[in-house]
Amino acid sequence: MPTFVGITALLRPLSQCHGRLALNTWAIKTWALLLTLTLGGCASLIVADTKPLAEARLEPPGSERISKAGYRIETLAESPATPDLLVIVAMSGGGKRSAAFSYGALKGLRDLPLQTSVGPRPLLGEVDAIAGVSGGSFTAAYYGLHRDATFSQYETDFLYKDTEANIWGIYLLPWNWTWLVDPLVGTNDFMERVYDREMFHGARFAELEQNGRPFIAIGGTDIAYGSPFLFTQDTFDLICSELDDLPIARAVAASNGFPGLLSPITLTNHAAACDGRKPGWLRRVTEAQRLDPRSRVGNEARGAERYLDDNRTRYVHLVDGGVSDNLALRAAGASMQTIAQAPENFTARRLNRVRRVLVLSIDGQGAQDTSVAQRRVVGGIFAIFSLVSGTQIDRFNFETLTVVDQQLQEFVAAIRQSRCAEAKTIDGARCDDVGGALVHVSLTGLPDSPAKDRLLAIRTGLTLQKDDVDLLIAAGRSAILDSTALRDFLNSYAVRPLPNARSIDVRG
């Protein structure tokens, strides 16, 4: 709680002003007293934190995993219609623009038929996992919790609302000023409360687990290391913590914590409670790989070991997931990479039954403003920050797509090798009949048109005009239904070729 003397010290420089509006000593003390009383009445806020894994949850030392069960894709039942198909969807950052575009893509996946051995099914119903960062995490988490109800509630619950007004309220309304006086409360803790009230209603990760597939992976950025951090039990194993009881809204707030505007979401590391346990993939990484700065597996190992040592990492401070991975793809690529290192575990994971892998990147990032190249004056600090971050994201996205495509092909090759080591024919298909594709659909990839120009001009923020939201939703649906690369992949899997889908005009 601030003291009267402390606030007086903060206001004293104002007394140096000259003229009729200069504050005298009495005025300073009066304002200090009022501010002290106001902050004393700030709304209390309970901040959720991690809990150490219970001893009963721990696997024996030397096991493949640190803990039993928990929210991870292997614990969720696969679709009986498509056990030979693995579909991973990644939703990019980009504020509500990306949230609306990715929501439209969900509608497209719902309306896109997939031919299976048991008849046509919506592709959305066969998705195994959805990863989301920043704006994309809203859509991923909301769909993971509400499923089909998403298509009748998401617009009014979130997309059409003025979410930015809540951010202004954190800074301008005195009853929200707990973050000014309590170092354990941050501005983003208040946004967690907003997201929970409007979208998640107290839901925890245990409810996502009960819903089954698709597995939802929400990503933030560890500000200490600049690396992605996923809200999954595999990641929480590294900090020896329970994920089931953590609020979904807290993960979404972390994924959307714009640095500087919103405070980090902080989690406590309980690694000491796991008594030195390590996941199996980490034990298989060689010392040469750890020491090789060019080894991606070695890089993942070094990152994991930072969390396993709680003397090195006592707290995890998370900001916007788009800072480290704006496409929400890098964690999926790293997972495929580490799994591919242990083909002996493919049978236990049922990966030897897979013959097609689809990684679908849904990118709602807008276009970089290049008009500054034609102006003498760049603009203020916010314009410069937007330009620099936009350029960084564009370059990083290119590298991400390149790396993840390579990791996918290595993963497919490992599946093929595992299948053929088992038998020449599996489930009626040749053992080497395995393929994978990384399909990227984006706003910038839409056909040139006045509608596209309008879409790319929509700002990155958490409040948009309703007409812009509707345009983005229509564009996302169209991007899925009109994707030639996606249709080619599905035709390679299908029992028979798919009929052509009707093109949807993004102008609505």
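The chain is numbered in sequence order, starting from 1. Model, not experiment: these values are computed from the prediction.
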**Q** Within the 3.5 Å criterion, strictly below it, is a donor on Ser227 or Asp222 matched to an acceptor on the partner's side chain?
**A** no
**Q** Output yes when a side-chain donor or acceptor of His270 lies under 3.5 Å from a complementary backbone atom of Thr50, and no otherwise.
**A** yes
**Q** When Ser137 is tested against each of Asn256, Asp320, Ile216, Ile130 for side chain to side chain contact (heavy atoms under 4.5 Å, CB included), which residue passes?
**A** Asn256
**Q** Could you tell me whether Asp245 and Lys51 have a side-chain N and a carboxylate O separated by less than 4.0 Å?
**A** yes
**Q** Does either side chain, that of Thr268 or that of Asp49, offer a donor lying less than 3.5 Å from an acceptor on the other one?
**A** yes
**Q** Rounded to the nearest 0.5 Å, how far apart are OG1 of Thr156 and NZ of Lys466?
**A** 10.5 Å
**Q** Who pairs with His146 by side chain to side chain donor-acceptor pair (under 3.5 Å), at least two apart in sequence or on another chain?
**A** none
**Q** Can you confirm whether more than 12 heavy atoms, excluding those of Tyr315, are under 6.0 Å from its OH atom?
**A** no
**Q** What's the spacing between Asn188 CG and Leu262 CG if we round to 0.5 Å?
**A** 4.5 Å
**Q** When you measure from the side chain of Trp281 to the backbone N and O of Ala340, does any donor-acceptor pair fall under 3.5 Å?
**A** no
**Q** Donor-acceptor check, side chain of Ser134 to backbone of Gly322, threshold 3.5 angstrom: yes or no?
**A** no
**Q** Could you tell me whether Lys161 atom NZ has more than 12 heavy atoms of other residues or ligands within 6.0 Å of it?
**A** yes
**Q** In chain order, what residues pass the side chain to side chain contact (heavy atoms under 4.5 Å, CB included) check against Ala334, with sequence neighbours excluded?
**A** Glu300
**Q** Do any pairs count as a disulfide bond (SG atoms under 2.5 Å apart) and have a residue in residues 183-268, sequence neighbours left out, and if so which ones?
**A** Cys240-Cys274
**Q** Calculate, to the nearest 0.5 Å, the distance between atoms CD and CZ belonging to Glu78 and Arg350 respectively.
**A** 4.5 Å
**Q** Mark yes or no: Arg72 above the aromatic ring of Phe215, with NZ or CZ under 6.0 Å from the six-membered ring centre and no more than 45 degrees from the axis.
**A** no
**Q** For the residue pair Tyr142 and Tyr154, categorise the inter-ring angle as parallel (less than 30°), tilted (30 to 60°) or perpendicular (more than 60°).
**A** tilted
**Q** Tell me, please, which residues at least two apart from Glu164 pass salt bridge (Lys or Arg N to Asp or Glu O under 4.0 Å).
**A** Arg459
**Q** Donor-acceptor pair, Arg213 side chain versus Ile73 backbone, under 3.5 Å?
**A** yes
**Q** Roughly how far apart are Leu358 CG and Asp128 CG, rounded to 0.5 Å?
**A** 10.0 Å
**Q** Report the residues that fulfil salt bridge (Lys or Arg N to Asp or Glu O under 4.0 Å) with Arg110, sequence neighbours left out, ordered by chain and then residue number.
**A** none
**Q** Over 60° means perpendicular and under 30° means parallel, so tell me whether Phe236 and Phe229 are parallel, tilted or perpendicular.
**A** tilted
**Q** Among residues at least two apart in sequence or on other chains, which ones pass salt bridge (Lys or Arg N to Asp or Glu O under 4.0 Å) with Asp84?
**A** Arg355
**Q** Are any of the side-chain nitrogens in Arg284 or Glu64 under 4.0 Å away from the carboxylate oxygens of its partner?
**A** yes
**Q** Does Arg283 reach the main-chain N or O of Lys278 with its side chain, forming a donor-acceptor pair under 3.5 Å?
**A** yes
**Q** Answer yes when Arg65 and Asp237 have at least one side-chain N-carboxylate O distance shorter than 4.0 Å, and no when they do not.
**A** no
**Q** Ring of Phe158, cation from Lys96 - is the NZ or CZ under 6.0 Å from the centre and inside 45° of the axis?
**A** yes
